[in-house]
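Below, read A as the first sequence line, B as the second, and so on, with proteins coming before strands; counting in each chain starts at 1. Only heavy atoms go into these numbers, but all of them, side chains included; no hydrogens, no water, no symmetry mates.
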Amino acid sequence: MIDDKYDFKTVESKWQEQWQRSGLYGWNAEEAKANSYIIDTPPPTVSGFLHIGHVYSYTQTDLIARYRRMAGANVFYPMGFDDNGLPSERLVEKTRNIRASDLSREEFIRICYEVVRGAEDEFRALFKQLALSVDWSLEYQTISPHSRKISQLSALDLFRKGELYRQLQPTLWDPADRTALAQAEVVEKEIAGTMWEVPFRLAHGGEVTIATTRPELLGACCALLIHPDHPRRAELERGEAISPLYSVPVPILVDAQVDPQTGTGVVMCCTFGDAIDVDWWRRYKLPLRIVIDKTGRLTAMHAIGGADWPSLDLAGARAVAASLTGLTIRAAREKIVAILQERGHLKSQKPIQRMVPCAERSGAPLEILVTPQWFVRALDKKQALIEKGRSIRWFPDYMRLRYELWVENLKWDWCISRQRYFGVPFPFWYSKRRDEEGRIIAADPADLPVNPLADLPRGYGPDEVEPDPDVMDTWATSSVSPQINSYGVAPGLMIDAQRHRKLFPATLRPQAHEIIRTWAFYTILKSHLHEDKAPWRDIAISGWCRAPDRSKMSKSKGNVITPEGLLDRYGADVLRYWTATSRLGVDTALSEDVLKVGKRLVTKLWNASRFAGLQLEGFAARPQTPRADCERGLVAAAFDCWILSRLAETVTEATAANEDYEFATALRVTERFFWADFCDNYLELVKGRAYGDFGTSASQLSARYTLWHCLDVVLRLFAPILPHVTEEISSQLFSRAAAPDRSIHARGNWPRPEDQFRDVTAETLGATGVNVLAAVRKLKANRNLSLKKPLLWCNVAFAENGAPLSPDALDGLRPDLMHAIGTTKLTWNNREPPLGAVEAVTTPDEAMRVEVAFAD
RNA sequence: GGGCGGUUAGCUCAGUGGGAGAGCACUUCCUUGACAUGGAAGGGGUCACAGGUUCAAAUCCUGUACCGCCCA
């Protein structure tokens, strides 16, 4: 007997512990790869707080993992934590109210470890409470020695292949975090600014006015540019202008990339204001004039006056530079505007809104500085990368276009060095030996992981090398997540070659769409460079969880919903239900309504099972499969065959949907079967016979077999979505003597379509019976009568060419139907109805007319 | 400016060539031996708009509008 009430709190925690103890989710390393389903789980960024979005996306992956496991796969489902890198450093600086630059490197890193461990504990607790079917023995951290080793092996492989290079060149620079950044870490922000118009004297007389939003870069000006269609082209082309304040002569160039609509149509090229300046600087081989340092402050411009940086008034230029030295960009801008104004060099100023590239993490406007950085080659591989992307199945497919668009628009090779602390160091030193000064010395693979600041390359003494002080971009490590799991990077660079063969490439990458340009792209790039392979067979892109009003949840808006309260009120199964109702790629609003529906489903499952449990009391038979029990003749009643056939259709549809990652469709068809067919119709129709009110012991047995199968299969169909309640019911009702501890979630326990019983005739016949039942319900509802109200009689008149069913077949419906509609007299096509006030209704398909007479 | 997705009942959404649907909400009724956290019946839609293809369009094509996202 099943309890009256379902208490999710005790049941959920009970099973979570039990499942972990039993090793249900373990990956079997001994099996062939063909049986495996390998998930490249997203290691959550340890950002310091839990978000309902974590519940949403991680549960969707678990729905897939649970289905695949039940469908028979040897599922490899690890969990990682992306704990290194800038996001973690920012978390540490914020929560501990410290700055990395104020501490020793060792001390800062020690505190980082402390903080990320605490944050990981919170994630782990949430994931366990959601019953993610993760094999926790496979857990990894991107900062662990193992991950550092894989990440450094990756760097060594790319370095040997010439795909990783170090170069002094203009690079995106975040002056707030004081590090280089990659193109993917740039976000455009609309910022209020000012457009100033500043006249330059022309060497041969006259003047030309430029427009700029960044007057503080005036000192870095190395050319003026005009569009080919500029009205003064003939006069200006190949001429020379003199910058105000600094008196530096600069050439006037003609270039089609100048936007003639902006400002005055004359623009200054500075080293560097933005990416287009870099283009011009390269194309026209312009001199490098640095005025901003790594902290985003103005330099003293010591180089002015040199051969590459002449001034017609050196003393004046140095005086201006001195008055700006050390100022922040913003302060320098104000000051130089004041000076320009004072000296009559400002023609006009007007406010504008402009798009400014900013650092994704710190939010600071980016500068472009010339610094030595490590780059991974990508620009020369666009076509191959697009083809790799096309060899992967994208769910939904249109997300592939975002990837392709990103690859096509790449402007920079991938800069992976960061001037930070908590990350994977580069396994490189620079030689100080006289004959090979500056030569890059790579670590021996056998020595990895190394820390060049503490370790030495083989054969070198401490005074003979300069260590590389940088750490890798966090994505440089997370982009080898498949290899962190597989223990190998490329031939000859393996920790465990056999394991690598079994786990690489992986089967599925689940991830969100905003990191297609980073995580997905970088992972594809690395696998391409390492082994010329795609890292996975499939990629599933989840949507975002939005606030109930469909706005984006964000800390600044204060509308972030955390999972704890919802878990407490509804339990994990109900949250998982909400997650399962939306499709991949589609954003979903958190909806209290949907949670309530999920809660009702859990309750209904419980109550329907209690009822079936009553019917199955003392049922000692050993059911086989629905199909076998029908073929053995144990299930023979018309409505029993009908519901089993409907069940078979449901299994087929749900299985096909799950194979395509359409868990929402699988849920929908299962719910429809359970609520409408099973609970509302079948249970009402079968009640009397199951209780033994009428019929034979064989017909009662048929009902019991059918109830057993329906419930057993429907619980298994719901199991990936509602793991706790289905396990609890299943363990109470169906624990077989042979395998009492077998979990409903066990590998291979998904109901197989070929084990089901499908019979089109039985479906048609049953549907006819259900239509009669619906018609009688309608007649009773029209008169506001109780459904129990008995009928004197009921006659079903089939349309001329309706009722392709034989009278014998129809008679199979009679016992259950008479009991359900409450009559002792049910006839087919009776042309002479007995006495009584006749009321009738025609079914919507017009196949039949149902006539009844009430007792009063 | 380019690309992608969306626009279907009051709300949230499913439906990709042939009946316009589900849940929630709403109205009326039913305390029936699993369930009132239930059940039955019912009202409610110009499928954003305009053209086109087709015997037939929510569905395919073209364009427009609006919303969202990605990238410049």
Distance between the C1' atoms of B:C30 and B:A65, in whole angstroms? 49 Å
Of the nucleotides B:A40, B:A34, B:G23, which one has an atom closest to the side chain of A:L683? B:A34
Measure from NZ on A:K789 to C1' on B:A40 and round the result to the nearest Å. 17 Å
Using Watson-Crick or G-U wobble geometry with both distances under 3.5 Å, which nucleotide pairs with B:U31? none
Considering only heavy atoms and no angle criterion, is a donor-acceptor pair shorter than 3.5 Å present between the side chain of A:E684 and the base of B:A34? yes
Return the pairing partner of B:A72 with a 3.5 Å limit on both distances, Watson-Crick or G-U wobble; otherwise return none. none
Heavy-atom nearest nucleotide on RNA chain B taken for A:H513 and for A:N782; more 5' hit belongs to A:N782
Rounding to the closest angstrom, what is the interatomic distance between B:U8 and B:C66 at atom C1'? 16 Å
Spacing of the P atoms in B:G15 and B:A34 (rounded, Å): 37 Å
So what's B:G19 paired with, Watson-Crick or G-U wobble, going by both distances under 3.5 Å? none
Between B:C4, B:C70, B:U32, which one does the side chain of A:L401 approach most closely? B:C4
If the C1' atom of B:U46 is compared with that of B:G38, how far apart are they to the nearest Å? 37 Å
Counting only Watson-Crick pairs (N1-N3 plus N6-O4 or O6-N4) and G-U wobbles (N1-O2, O6-N3), all under 3.5 Å, who is the partner of B:C66? B:G6
Counting any heavy atom closer than 4.0 Å, what does A:S786 reach on the DNA or RNA strands: base, sugar-phosphate only, or nothing? sugar-phosphate
Would you call the rings of A:W475 and A:Y522 parallel, tilted or perpendicular if under 30° counts as parallel and over 60° as perpendicular? tilted
Do A:S57 and A:S542 meet the criterion of a side-chain donor-acceptor pair at a distance under 3.5 Å? no
Hey, does the side-chain of A:D693 have a donor or acceptor N/O within less than 3.5 Å of a partner on the base of B:G33? yes
Rounded distance in Å - CD1 (A:I386) to C1' (B:C71): 14 Å
Out of B:G33, B:G39, B:G3, whichever nucleotide has its closest atom nearest the side chain of A:K788: B:G33
Does A:K604 put a side-chain nitrogen or oxygen below 4.0 Å from OP1 or OP2 of B:G39? yes
What is the distance, rounded to the nearest whole Å, between atom CG of A:L787 and atom P of B:A40? 8 Å
Could you please name the partner base of B:A36, counting Watson-Crick and G-U wobble pairs only when both distances are under 3.5 Å? none
Determine the interatomic distance between C1' on B:A56 and the same-named atom on B:G17; round to the nearest Å. 8 Å
Looking only at side chains, do A:D538 and A:Y661 share a donor and an acceptor under 3.5 Å apart? yes
Presence of A:R517 side-chain N/O under 4.0 Å of B:C71 phosphate oxygens OP1/OP2: yes
If you draw the axis of the six-membered ring of A:W394, does the NZ or CZ of A:R402 fall within 45° of it and under 6.0 Å from the ring centre? no
Distance only, no hydrogens: is a donor on one side chain within 3.5 Å (strictly under) of an acceptor on the other, for A:S702 and A:D640? yes
Rounded to whole angstrom units, what separation is found between the NZ atom of A:K5 and the P atom of B:A34? 14 Å
Would you say A:Q183 places a side-chain N or O within less than 4.0 Å of OP1 or OP2 belonging to B:A72? yes
Using a cut-off of less than 4.0 Å, is there contact between a side-chain N or O of A:R600 and OP1 or OP2 of B:G38? yes
Taking CZ from A:R400 and C1' from B:C70, how many angstroms apart are they, rounded to a whole number? 16 Å
Which residue lies more 5' along RNA chain B, comparing A:K552 with A:T581 via nearest heavy atoms: A:T581
Please report the distance separating the C1' of B:A48 from the corresponding atom of B:A40, rounded so that it comes out in whole Å. 36 Å
Nucleotide nearest A:L614 when distance is taken to its side chain, options B:A34, B:C69, B:C29: B:A34
Given that both distances must come in under 3.5 Å, which nucleotide forms a Watson-Crick or G-U wobble pair with B:A14? none
Modelled atom types, side-chain donor and acceptor of A:W606 and A:E728, under 3.5 Å: no
Paired with B:G42 by Watson-Crick or G-U wobble geometry, both distances under 3.5 Å: which nucleotide is it? B:C26
Looking only at atom P, what distance separates B:C47 and B:U7, rounded to whole Å? 13 Å
Phosphate oxygens OP1/OP2 of B:A34: is one of them under 4.0 Å from a side-chain N or O of A:K687? yes
Relative to the ring of A:F521, is the ring of A:Y403 parallel (under 30°), tilted (30 to 60°) or perpendicular (over 60°)? tilted
Please give the distance between the C1' atoms of B:G10 and B:U54 as a whole number of Å. 35 Å
Just to confirm, is there a sub-4.0 Å distance from OP1 or OP2 of B:A14 to any side-chain nitrogen or oxygen of A:R583? yes
In whole angstrom, give the distance that lies between atom CZ of A:R610 and atom C1' of B:G38. 12 Å
Over 60° means perpendicular and under 30° means parallel, so classify the ring planes of A:H51 and A:H54, tilted if in between. perpendicular
Can you see if the side chain of A:R546 gets near the phosphate of B:C67 - specifically, an N or O under 4.0 Å from OP1 or OP2? no
A:K780 side chain N/O closer than 4.0 Å to the phosphate oxygens (OP1, OP2) of B:A40? no
Candidate nucleotides B:C4, B:G42, B:C70, ranked by approach to the side chain of A:Y398 - the nearest: B:C4
